[in-house]
Amino acid sequence: MYEYLMSHSPEPQVSGWGNLPGPGREVRAEDLTQVWDAPLFRGLARSYGDSSLPPPSRPVVVSTVLADRVLKFDESTGILRAECGLSLAELNRAFLPRGFFTPVTPGTQFVTLGGMVAADVHGKNHHVEGCFGQHVTRLKMRVGSGQVLECGPDLEPELFWATVGGMGLTGHILEVEFQMARIPSPWIWMESERVPDVDTYVRKLKEAAPEWPMTVGWIDCLSTGKNMGRGILMKGRWAHPAQAPQHFPRPLPNLVFPFTAPQFLLGRQTVQAFNFGYYWKHFRKKHERIVDPFSFFYPLDFVRDWNRAYGPRGFTQYQCVLPESAGEGAARRFLEVLTRRGGASFLCVIKDCGPQGKGLLSFPMKGMSIALDIAVRDNTQALIDDLNAFVIAEKGRMYLAKDAFTRKEDFEKMEPRLAEFQRVRQKWDPTFKFKSAQSIRLLGDPP
Amino acid sequence: MKAAVLGGTRGMGRALARRMVERGDWVTVLGRDGEELSRSVADLSARATPGTQVHSAVCDLEKTAQFGPALEAADHAMGGLDVVVVTAAVFATQDKLEDDAALTQKLLTVDFANTIVFCEEARKKLLGKGKGTLCVFSSVAGDRGRKPVVLYGAAKAGLSHYLEGLDHKFRQQGLKTVCVKPGFVRTGMTDGLKAPPFAGEPDEVAAVVLQAIDEGTPVVYVPPIWRLVMTAIKALPRFAMRRVGF
């Protein structure tokens with residue numbers, strides 16, 4: 001609107017949640033038919049690394065957040081269809097009071113439906129419900145030829161399963177139709193337990209799986225010796241109306257992290273102090289209670305822009321899945337690799353994963369997933385290389401939506417499904433119209 | 001409350017219509033494209049509290065002949081009308097307008113002349129019912145003549161002026177006029193422009209505007225911080241204004 005607003009700096013930059021910038025800029029489009037030539041769509045840009053960054057040769061990424069209309073909702077079946085930019089926060093605001101919830105939710109509600117399909121997100125209930133893509137019935141997409149078409153598990157299934165988890169590389173996702181879950185009450189019955197070490201943690205996580213539809217936990221990855229990987233295991237299910245309060249849970253307060261933190265703030269001592277406090281805050285061995293779904297599913301959402309806490313150099317999240325064949329001691333061995341490199345992380349989450357889904361590049365597989373936030377330092381590349389070497393040896397894989405540092409040759413070793421994905425992708429987009437900074441880095445797309 | 005929202009398919013109008021139906025107000029969306037209207041009706045219906053009605057009617061700010069019938073259709077469909085909102089407008093950058101006389105004429109016609117003609121229809125309609133609220137989105141661009149918004153600002157200045165006069169003349173008779181002055185809001189209209197400090201989101205604007213409609217506030221800046229920003233800009237002496245880029 002104003003001239004000074006129009007003046008772009010000579011090299012505009014755009015970044016994902018990890019604040020690791022690349023060249024390019026974001027434009028918001030309300031009418032997605034107008035932006036047919038964009039190399040990439042993105043939603044709320046909560047992927048950490050470069051998966052939502054445009055290729056440097058066509059440095060514009062379209063944000064879909066203004067295309068957010070609900071197009072159809074059938075209360076009797078729970079089927080909902082919406083434009084791709086509808087956020088989970090909006091969906092929860094509108095439908096949680098009516099007794100419906102997304103079948104699968106990631107750890108933040110600031111994601112869009114299109115992004116949830118593209119990353120084939122999973123949640124605390126993966127061992128029961130699988131990934132989000134498993135609940136999608138139809139997608140409306142624009143493919144390489146410019147044609148707009150519908151696909152689903154029973155309609156152009158090849159394109160559909162390449163798109164689910166395909167990081168936006170098969171075309172523009174325009175509309176998403178999926179099956180909402182009916183919930184008995186808008187409250188969660190939660191049991192949490194303090195666990196003395198990582199082996200016990202993993203054993204208890206597996207034991208909880210048949211009984212609890214949702215499991216997750218945090219571990220302290222700085223403690224060593226017999227305390228290594230002590231943590232808090234959380235198990236939950238939607239509360240029965242009889243156990244739940246009658247009123248609707250209050251949404252989380254909305255605080256803002258006001259500035260980029262100085263780098264020294266997230267040193268090893270801070271993490272150690274935080275972990276000590278977080279562990280002992282849970283003084284009782286076991287604790288059962290009713291909690292609201294916002295603090296259960298989205299504990300970090302109440303501080304907007306918390307990624308600024310990681311300072312000017314940004315951060316990355318390393319998330320991998322280790323298959324069952326790696327054995328129960330795999331988590332301990334993983335932590336040993338991390339500790340040897342001096343890695344420190346506030347957030348270290350270990351989750352149970354059910355069977356691998358049909359999405360060609362979908363992340364989870366039967367086993368367990370480990371995620372850690374890592375502030376970027378000089379040795380970050382070496383640390384990620386070490387962790388990847390461990391994951392490759394155990395036949396696991398890393399999560400594209402989090403990644404910023406993995407090397408192409410390592411990704412190829414983790415991903416035997418890559419050739420099939422590329423075959424389907426090229427069938428629908430022979431000229432590589434759709435690509436991202438990440439697909440150039442990891443899939444070898446022409447820049 | 002029963003509201004007609006011209007421009008309710010997009011941007012701030014969309015956000016406002018959503019807030020209305022979520023709390024049980026009935027809404028008729030007015031817009032120029034039938035397909036867009038039906039998508040917005042679907043969206044609002046899915047979000048509406050039970051028993052809330054959502055309708056639509058075609059109304060293009062370029063076609064004055066549609067104004068009367070569109071308001072009549074809204075009144076008829078909802079069985080009443082007490083609020084008329086106008087969020088629709090044309091926008092183009094100053095550079096683009098300077099090179100394109102036809103676009104300049106279109107913008108001045110739509111944002112000034114036709115918007116006022118529409119408001120006149122709405123005024124008669126609401127006063128005919130005894131009372132009502134007319135809420136029109138002008139802009140902070142109309143507060144002072146400035147380099148980047150010479151033409152757009154002129155149209156909005158005229159509109160703001162008209163709305164103030166209307167409020168003075170007819171408030172006693174039952175017509176409340178709400179003039180909304182958005183600063184920079186991140187909608188499709190400002191797409192591609194670099195957002196300044198204090199840029200707002202459509203939904204936070206909608207919350208403020210809805211309260212202003214309820215209370216009949218004559219002038220409302222959104223986000224509210226823009227009242228301060230514009231006070232400062234209006235206080236700048238002419239020689240300073242000539243030197244700065246905004």
Side-chain angles (χ1 to χ4, degrees), chain A residues 1-9 12-14 25-35 38 44 60-75 78-83 85-87 89-100 110 140 174-175 177 180 254 304, chain B residues 9-15 17-19 21-22 33 35-36 38-50 91-96 139-141 146-150 152-153 156 182-197 199 201-204 233 244-246:
Chain A
M1 191 177 301
Y2 310 111
E3 206 168 60
Y4 78 98
L5 314 176
M6 293 291 296
S7 60
H8 299 295
S9 54
Q13 292 197 310
V14 61
R25 64 191 175 91
E26 179 192 279
V27 299
R28 282 184 171 192
E30 199 161 32
D31 183 356
L32 298 178
T33 59
Q34 300 288 314
V35 287
L44 284 156
V60 175
V61 59
V62 168
S63 162
T64 60
V65 297
L66 295 175
D68 64 346
R69 284 180 289 197
V70 178
L71 300 173
K72 201 175 76 184
F73 177 63
D74 184 339
E75 192 120 20
I79 297 265
L80 183 136
R81 189 184 180 103
E83 294 175 334
L86 181 70
S87 75
E90 265 296 291
L91 191 77
N92 288 339
R93 193 168 74 84
F95 291 94
L96 201 55
R98 292 155 71 172
F100 287 93
F110 300 120
K140 187 178 190 178
L174 302 172
E175 291 172 16
E177 183 186 280
M180 295 268 273
N254 198 348
R304 285 274 173 131
Chain B
T9 56
R10 291 181 158 228
M12 292 183 275
R14 180 190 289 183
R18 281 177 179 167
R19 289 223 163 225
V21 298
E22 277 168 14
D33 183 285
E35 162 73 13
E36 280 293 294
S38 63
R39 288 170 82 92
S40 279
V41 168
D43 179 53
L44 294 171
S45 305
R47 292 160 181 270
T49 56
F91 176 75
T93 59
Q94 179 65 17
D95 289 347
K96 216 170 162 189
S139 169
V140 296
R146 292 184 290 121
K147 290 176 189 173
V149 285
V150 176
Y152 178 75
K156 291 296 191 182
F184 194 97
V185 180
R186 301 194 65 189
T187 65
M189 193 183 98
T190 57
D191 175 36
L193 308 182
K194 192 163 165 262
E201 293 291 331
D203 185 58
E204 61 175 291
I233 288 179
V244 297
F246 54 84

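Keep in mind that this is a model prediction, so the values were computed, not measured. Numbered from 1 within each chain, the chains take letters A, B, ... in sequence-line order.
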Test: A/Arg98 and B/Glu22 ion pair at under 4.0 Å: no
Inspect the contact between B/Arg18 and A/Asp68 and indicate whether a charged nitrogen and a carboxylate oxygen are less than 4.0 angstrom apart.
yes
On a heavy-atom basis, the closest approach of B/Ala46 and A/Phe73 is CB-CB, 4.3 Å
Honestly, the part of A/Glu26 sitting under 4.5 Å from a heavy atom of chain B is side chain
The interface call for A/Leu86 against chain B, heavy-atom contacts under 4.5 Å, is side chain
**Message:** Given 3.5 Å as the limit, does a donor-acceptor pair link the side chain of B/Asp43 with the main chain of A/Leu71, or not?
**Reply:** no
Residue set satisfying ring pair (Phe, Tyr, Trp, His ring centres under 6.0 Å) with A/Phe110, at least two apart, ordered chain then number -> none
Review point. Side chains of B/Glu36 and A/Glu30: closer than 4.5 Å at any heavy-atom pair?
Key: no
Does any N or O in the side chain of A/Arg69 come within less than 3.5 Å of the main-chain N or O of B/Ala42, such that one atom is a donor and the other an acceptor?
no
Hits for side chain to side chain contact (heavy atoms under 4.5 Å, CB included) against B/Val150, two or more places apart or cross-chain, chain-then-number order -> B/Gln94
If one checks every heavy atom of A/Arg81 against chain B at 4.5 Å, the contacting part turns out to be neither
Cut-off 4.5 Å, heavy atoms of chain B, and the answer for A/Gln34 is neither
